[in-house]
There are 2 protein chains.
Amino acid sequence: MRDVAERAGVGIKTVSRVVNGEPGVAAATAERVNRAARELHFQPDPFAGNLRRSVRRTQSIGLLLSSVDNPYCAAVHRAVEDVAESRGVSVLSASSDEDPQRERALVGTFVSRRVDGLILSATGGDQAYLRPEMDAGTPVVAVDRAPVGIDVDSVVVDNVAGARGATAHLLRRGHRRIAHLGDLSMIATATQRLDGFRQAAAEAGVPADDQLVVQDLHTVELAFDATFRLLRSDDPPTALFTSQNLVTIGAIRALRSLGMQHDVAVVGFDDFALADLLDPAVTVVAQDPVAIGRAAAERVFARLEDRSLPSTQTVLATRLVVRGSGEIAPRRRGSA
Amino acid sequence: MRDVAERAGVGIKTVSRVVNGEPGVAAATAERVNRAARELHFQPDPFAGNLRRSVRRTQSIGLLLSSVDNPYCAAVHRAVEDVAESRGVSVLSASSDEDPQRERALVGTFVSRRVDGLILSATGGDQAYLRPEMDAGTPVVAVDRAPVGIDVDSVVVDNVAGARGATAHLLRRGHRRIAHLGDLSMIATATQRLDGFRQAAAEAGVPADDQLVVQDLHTVELAFDATFRLLRSDDPPTALFTSQNLVTIGAIRALRSLGMQHDVAVVGFDDFALADLLDPAVTVVAQDPVAIGRAAAERVFARLEDRSLPSTQTVLATRLVVRGSGEIAPRRRGSA
DNA sequence: TTGAAAGCGCTAACAT
DNA sequence: ATGTTAGCGCTTTCAA
């Protein structure tokens, strides 16, 4: 910067003014400075400036999701990126793999990088470790699931209602033996979806059967195995309510491997690509990950502008997308 | 840091030594410093240090893909993240949407953030603007497609061979009217895949028919429309070779809407989730995005350790995954 | 083994 | 409209 000043024959502060577009510089002077900067390939160092600046901003936010490789997360990610990009902010992303230790470590690296804000999909662990950071003024927004131990802005869907609706949909078709295939019980959304499932069953007067609830299925393979076992049991379910994307796919693969995809109803939480092209097409409780990501990012920036904002809980609705698999009628026992 | 030094009753440099794990500090002193640091919630500022340090590292790399929301890109992304994370490096990601201007702007923000390395999937534009950056020693690695105007490390698949193989597969089944549905012709891989297609046809002595080559299909919708039109034409193709993920899906949707999915053969470039569950299951030329991402990231770090490395072109093979759609026999003309 | 002084590239606060 | 000086939080250099 000093070199630029010298070359332009001005003081160093004038260069600073020109580079930052501050007022109070004659047009001719600014032009000389700009030329000198160009000639010297001058690239201002944003970090050095931050050192002295009163309001420090790194123009970056941290985004922690289950995995950037998951379609749901990827859609959230893109929406966050778009909002951030429109404000000239970069996104640091990372994948927690639902591991609380990993989550904490990754948040730690984000914090040490002085991100301006943090968006995270909380794992099962406790997020109280974020307290000091929040007290220091860093906006933290939870997506998909609310964290434990801290009070933050969150953007989630109404999982209980969505699950209840899905289950009620199956009950309405006459199903009485409905199985629930759940995600990791550590994850808040998984528990809520199970709650919704149970509520709907109770409301319909269908007795709970713990044999029909399988939890902690976090991969296609685990869901496949669990479904396979369930359908091979003495008193198999006539319908399945799956709590997530990968679980739904695992269940469908199991049904197909048994040739039962037209005999057992399936409603899945989360929409997924090509769900409409399968046979039967898959009925799902759809969320809008783009809206979720956008809302979360906007919340970060709103709080960045006014740190005193009260924390808000944004709850988006889900939408039942009827496609066929959820409308299969129950088979009478023994008629298979 | 000064506060910590004072509290521990040592000099500031000693604190610096302890924090950075440098040798030459008595164990007892180090212990006192660590305690003081903990008590004051001391968080070293990595950027301030970089200011004076000789070998500046931000411990971050920039990753520019078509879109983080694309399954192929997301898989590459995750692989890059894993390699980076194992080295304590964060990933800044962004989506170019195949727009050269956007690419340049996003690379600009990465560069101004002083990323230690850059991985990018080049858009159709010229990447010569990266020259100064590379001369300055920043490792740049191209994924998926080689850039234009600069000589960099690249990790790609053999698109020509893959496309040739796919086309030959269709020719072997007796198809003579094979259409090619191509991605944006600006994108290097799209051109290469078209080349492979043409080579295979020429080798088999099948005359080229420009009516059967449609380019610049970058979305499901465009591919749908193009496929629809093609099949409705006077002399429709009996087989389709689609150059990419989204194009394949668009083509399949078009075939279905015409009820022709069992009559027209399809081989797609890029594998995609659930391709095996569709009816017919989709034959594809599969790449391994995880291997690609990993190789690219490893190349960045290798070059970071030795900037004088010659640039290498890593070409991974593709694999034809036979599932059904590509094995449909040609329909005799007029027999539909 | 330890510390003092200088300075990285920049901005804040105050000149002029 | 422009420049000067101090100092951000750290590392480097060099001396003790």
Side-chain angles (χ1 to χ4, degrees), chain A residues 1-60 109 111-116 136-138, chain B residues 1-60 109 111-116 136-138:
Chain A
M1 193 149 176
R2 209 180 30 227
D3 299 343
V4 176
E6 203 164 307
R7 184 169 191 121
V10 300
I12 187 171
K13 176 67 220 188
T14 301
V15 177
S16 168
R17 285 203 184 88
V18 173
V19 168
N20 293 302
E22 285 171 34
V25 180
T29 316
E31 184 38 48
R32 284 214 317 287
V33 170
N34 280 133
R35 178 159 8 145
R38 226 173 304 124
E39 286 166 2
L40 294 171
H41 296 293
F42 173 71
Q43 274 256 343
D45 184 330
F47 302 124
N50 260 337
L51 224 44
R52 194 68 171 80
R53 225 185 296 260
S54 42
V55 44
R56 289 156 155 246
R57 288 279 165 91
T58 55
Q59 302 290 83
S60 65
T109 67
V111 167
S112 79
R113 306 197 101 83
R114 305 287 193 270
V115 292
D116 294 339
T138 308
Chain B
M1 192 147 176
R2 210 182 26 228
D3 300 342
V4 175
E6 204 164 304
R7 184 170 190 118
V10 300
I12 187 172
K13 175 65 222 188
T14 301
V15 177
S16 168
R17 286 201 183 91
V18 173
V19 168
N20 294 302
E22 286 171 33
V25 180
T29 315
E31 184 39 47
R32 282 213 320 286
V33 171
N34 280 132
R35 176 153 12 139
R38 226 173 304 126
E39 285 165 3
L40 294 172
H41 295 293
F42 173 71
Q43 274 255 346
D45 184 329
F47 302 124
N50 261 339
L51 223 45
R52 195 67 171 80
R53 225 185 295 261
S54 41
V55 45
R56 288 155 155 248
R57 288 278 166 90
T58 54
Q59 303 289 84
S60 66
T109 66
V111 166
S112 79
R113 305 199 101 82
R114 307 286 195 267
V115 292
D116 295 338
T138 307

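Below, chains carry the letters A, B, ... as their sequence lines are ordered, and counting in each starts from 1. Predicted model, so just to flag it, every value in this text is computed and none were measured.
If you check C:dT2, D:dC8, D:dT11 against the side chain of B:Ala26, the one that comes closest is C:dT2. Comparing C:dC10, C:dC8, D:dG9 by their nearest atom to the side chain of B:Arg52 picks out C:dC8. Considering only the side chain of B:Arg56, C:dC8 comes nearest among D:dT2, D:dT12, C:dC8. Side-chain proximity of A:Leu51 to C:dG3, D:dC8, C:dC10: nearest is D:dC8.
Within the structure, every side-chain polar atom (N or O) of B:Asn50 is placed at least 4.0 Å from both OP1 and OP2 of C:dC8. In this structure, B:Ser16 does not reach the D:dC10 phosphate: none of its side-chain N or O atoms is under 4.0 Å from OP1 or OP2. In this structure, B:Ser54 reaches the D:dT12 phosphate: one of its side-chain N or O atoms is under 4.0 Å from OP1 or OP2. Side-chain nitrogen and oxygen atoms of A:Thr14 include none within less than 4.0 Å of the OP1 or OP2 phosphate oxygen of D:dT2. The shortest distance between the side-chain N/O atoms of A:Thr29 and the OP1/OP2 oxygens of D:dT2 is below 4.0 Å.
Among the heavy atoms of the strands, none lies under 4.0 Å from A:Val19.
Each of A:Gly49 and B:Gly11 lies near DNA chain C, and the nucleotide nearest B:Gly11 is the one positioned closer to the 5' end. Between B:Ala48 and B:Glu22, the residue whose closest nucleotide on DNA chain D is further toward the 5' end is B:Ala48. A residue-by-residue look at A:Pro44 and A:Arg17 shows that A:Pro44 has its nearest nucleotide of DNA chain C further toward the 5' end.
Rounded to whole angstrom, the span from the CE atom of B:Met1 across to the C1' atom of C:dT2 amounts to 14 Å. The distance from atom CG of B:Asn20 to atom C1' of D:dG9 is 12 Å, rounded to the nearest whole Å. Between A:Asp45 atom CG and C:dT11 atom C1' the separation is 13 Å, expressed in whole Å. Whole-Å rounding puts the B:Arg114 CZ to C:dC8 C1' distance at 12 Å. Distance, A:Leu40 CG to C:dG9 C1': 15 Å, rounded to whole Å. Spacing between atom CZ of B:Phe47 and atom C1' of C:dT11 amounts to 17 Å, rounded to whole angstrom units. We find that CD1 of A:Ile12 is positioned 13 Å from C1' of D:dA6, with the value rounded to whole Å. Computed from coordinates, the B:Glu6 CD to D:dG9 C1' distance equals 15 Å when rounded to whole Å.
In terms of heavy-atom proximity, A:Arg53 sits nearest to A:Asn20 at NH1-OD1, 4.4 Å. The heavy-atom pair separating A:Val33 from A:Ala8 by the smallest distance is CA-CB, 3.9 Å. Minimum heavy-atom separation, B:Asp116 to B:Arg57: OD1-CA, 3.4 Å. Closest non-hydrogen pair, A:Arg114 versus B:Gln43, comes out as NH2-O, 3.1 Å.
Between A:Ser60 atom OG and B:Arg113 atom CZ the span is 5.0 Å, to the nearest 0.5 Å.
B:Arg17 contributes no side-chain N or O that, together with a main-chain N or O of B:Glu22, makes up a donor-acceptor pair within less than 3.5 Å.
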